[in-house]
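Reviewing the structure listed below.
We name chains A, B, ... by the order of the sequence lines, and we start the count at 1 in each one. For the numbers below, each heavy atom of this structure counts, side chains included, while hydrogens, waters and symmetry mates do not.
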Number of protein chains: 2
Amino acid sequence: MVIKRPNRVTISNVAQAAGVSISTVSNVINGKTAAMSEETLARIQAAMLELNYHPSSVARGLAMQRTATLGLILTEIETPLFLQAVTPIEREARRAGYSLLLMNARNEADEREAVRLLQEKQVDGLMVVSTSDPRQNDHLHKIQAEGIPVALINRADLSAEFDQVNWDNAQGVTLVVEHLVRLGHRRIAILTGPSDRRSTQERLQGYRLGLAQNGIALRETLIHSGDYTAAAEAWRQSTLDLLALPEPPTAIIASDDIVAAVIIRAIQETGRKVPAEIAVVGIDDQPFSQYLGLSTVQLPVAEAGRQAIQLLFQRITSLSANAQHILLPCPLIIRDTCGAKKAG
Amino acid sequence: MVIKRPNRVTISNVAQAAGVSISTVSNVINGKTAAMSEETLARIQAAMLELNYHPSSVARGLAMQRTATLGLILTEIETPLFLQAVTPIEREARRAGYSLLLMNARNEADEREAVRLLQEKQVDGLMVVSTSDPRQNDHLHKIQAEGIPVALINRADLSAEFDQVNWDNAQGVTLVVEHLVRLGHRRIAILTGPSDRRSTQERLQGYRLGLAQNGIALRETLIHSGDYTAAAEAWRQSTLDLLALPEPPTAIIASDDIVAAVIIRAIQETGRKVPAEIAVVGIDDQPFSQYLGLSTVQLPVAEAGRQAIQLLFQRITSLSANAQHILLPCPLIIRDTCGAKKAG
DNA sequence: TTGAAAGCGTTACCAG
DNA sequence: CTGGTAACGCTTTCAA
């Protein structure tokens, strides 16, 4: 189990072994094999195999000033939701011959450091997947100004500087409200996340719009705003409070699927049935949701990742193109807990 | 929104601007600033700032033959469970000054290619987080033999070649059985994954051991083996079948937490109560499980990641050390669905 | 078609 | 303490 650190086999070793020049080997590596005698090609390939040669991306990167590496910064890597973007991004990157340097950015300082590191690593491009916490963007402007294009996912930067893909939180909630109204609900409650989050504001906006479009007056008592990260107990209590209202809601929209699960438990705890007596709709469409039969708003995170990396590729090949903004719709996934299946 | 590709600011530009030699600037970059006049140091730092200089990791990597980059290969990146390893790995890597190159390996061919790419990128070390599908390891042996140490997480390679961290699936299930027996259960069913998976075999082994230790005869009718990836319908049906038995189980162990959620729904569907009439225990401890009050076996994935990267660091600094195998215990997380809280 | 040599941006060694 | 300079492994003109 001793690991030696053998001397690296280099292109010149191969050249020597094959009795050709370095440039010729280089051409083989880069597939410029069109105008080459079959025999030399074979000889070189044999030598590479024989010596177990692996070209060095590092040396190549230095020579070409291009690393074939992309940076991916995630804020809150632990949120399974945002990880959904990683799969398609990794796939597309690899397909296009790029590798992915992954960095987590728990906070602003972290993010700045990540950007600096990625710049030193000379990535060819950078993607940032954000939670909807407000953050500064000056470091992103700077790295882009220095030649490394940046694509944003879910950061909703208002400037036109960056390629970016977002999803339409407001529209998603409006969809839910409309669906619930169509099912006959008039008293629709909503539990939202921290009010300084963009996503919270957008969702409330969508909620209001949905009600307004259906001529339903807004009742402040039906809006509970709280902290996502609060213990489940807070959500449970919010639910019980809502149920104790003189005119309790007949439907509840949760700030995410986990909250929805907690709400459902709390409802069942009081002996009420979901969805027969109260409908519940989540937001997220997490992997477990389909197994719980949870109706929910799907956030197209994977699709956003896919489109973002495409934007980035375009930008890498054409640095001076205009930045594009893509806004993805959020589909409503109808399962059991909204009651549509029975009602239908 | 035009991005220029400016000429790179190099160490020699800085040297020139500061009126010193390249080596001196290099020393500053590398913190070898002890024996240097305050004034030159200040001048150099000013120049770096002024020119907005960023050292090139690529050039440094070439010169030092060390990239400060680690490879991380995930099999099935989409499984939230295994992603739990990424957070601590990324944190520890960054703390130690390393970056992380992430690759997904959907299958063997993919994995081989990933290893090859990482070798070309000249990573200083490599971690592989596996599902428990059986896989070949020859490519891992090879890259390690060429000087890039490899640490395995959940691959349970039997050879002594690799540093590796695993968790004890068998022990986890034995723990569950013992706990259930202590609560008075004698007819304990188990739903397992595909029988060719190592984890399935280990869990069944733990199940048998748990029963044996308590003098309970094994009933084949209480063991349902199936495909994880099957539709929820299959699990639901398995559950209903179990309940329809002349002597139905009073407790069910699920192959993972999502399956447990489905089982619980199926049970409730028949009008039975969990855990009052039937106890259910999952395996995984997924993020949502605590919100469902699901009792479950925790798989210490994050801890495994943490320990694996430490092993890798040790090995990087001392290539010829003996490979270490770490086997982590799986704690039983007692929440609501096993009935312990009421019974207690 | 193939070969020689000049970079690419750093580090590290060896003189002064 | 600082400065020259030879690597590091590859790409890319430019000649032959």
Side-chain angles (χ1 to χ4, degrees), chain A residues 5-44 47-48 51-69 97 119-124 146-147, chain B residues 5-44 47-48 51-69 97 119-124 146-147:
Chain A
R5 176 81 79 185
N7 288 332
R8 197 155 230 294
V9 178
T10 74
I11 195 172
S12 78
N13 294 324
V14 176
Q16 202 159 10
V20 295
S21 82
I22 290 181
S23 350
T24 309
V25 178
S26 174
N27 283 334
V28 172
I29 294 171
N30 294 289
K32 304 186 179 180
T33 177
M36 198 155 68
S37 98
E38 290 248 333
E39 194 253 322
T40 36
L41 173 57
R43 201 150 31 107
I44 293 172
M48 298 207 295
L51 297 176
N52 193 21
Y53 168 72
H54 295 277
S56 157
S57 305
V58 177
R60 174 195 296 230
L62 182 58
M64 302 209 311
Q65 289 300 87
R66 174 182 175 286
T67 54
T69 302
Q119 180 164 22
E120 293 193 353
K121 292 279 181 186
Q122 292 184 249
V123 295
D124 297 329
E146 291 177 30
Chain B
R5 175 82 78 186
N7 288 332
R8 198 157 228 296
V9 178
T10 73
I11 195 172
S12 78
N13 294 325
V14 175
Q16 202 160 9
V20 296
S21 81
I22 290 180
S23 343
T24 310
V25 179
S26 176
N27 283 334
V28 172
I29 295 171
N30 295 289
K32 304 186 179 180
T33 177
M36 199 155 68
S37 98
E38 290 249 334
E39 195 253 322
T40 36
L41 174 58
R43 201 149 31 104
I44 292 170
M48 298 207 293
L51 298 176
N52 193 21
Y53 167 73
H54 296 278
S56 156
S57 305
V58 178
R60 173 194 296 228
L62 182 59
M64 303 209 309
Q65 290 300 87
R66 174 181 175 287
T67 54
T69 302
Q119 181 164 20
E120 294 192 351
K121 292 279 182 187
Q122 290 184 250
V123 295
D124 297 329
E146 291 176 29

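If you measure from atom CD of E39(A) to atom C1' of dT1(C), you get 13 Å, rounded to the nearest angstrom.
Applying the salt bridge (Lys or Arg N to Asp or Glu O under 4.0 Å) criterion to R60(A), with sequence neighbours excluded, gives no partner residue.
For the atom pair CZ (R43(B)) and OG (S37(B)), the distance works out to 7.0 Å, reported to the nearest 0.5 Å. Note that CZ of R8(A) is 6.5 Å distant from CD of Q65(B), once rounded to the nearest 0.5 Å.
Within the 4.0 angstrom heavy-atom criterion, only backbone atoms of the sugar-phosphate kind lie near T40(A); the bases stay farther away.
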(request) Do nucleotides 7-16 of chain C as a string where each nucleotide becomes B, S or -: B if the base has a protein heavy atom under 4.0 Å, S if just the sugar-phosphate does, - if no protein is that close. (result) BBBBBB----

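Counting heavy atoms from C-beta on, the side chains of V9(A) and N52(A) never come closer than 4.5 Å. Side chains of T24(B) and T40(B) form no contact here, defined as non-hydrogen atoms less than 4.5 Å apart.
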(request) For I29(B) and Y53(B), run side-chain contact (heavy atoms from CB on, under 4.5 Å): C-alpha distance rounded to whole Å, both residues' side-chain angles, the deciding distance at 0.1 Å, then the answer. (result) CA-CA 11 Å; I29(B) 295 171; Y53(B) 167 73; 3.3 Å; yes

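Bracketed by its first and final contacts, the part of DNA chain D lying under 4.0 Å from non-hydrogen atoms of chain B reaches from dC1(D) to dG9(D) in 5' to 3' order.
The number of heavy-atom neighbours closer than 6.0 Å to CD of E120(A), taken from other residues, nucleotides and ligands shown, is above 12.
What you find for T67(B) and Q122(B) is that their closest heavy atoms are OG1-O, 2.7 Å.
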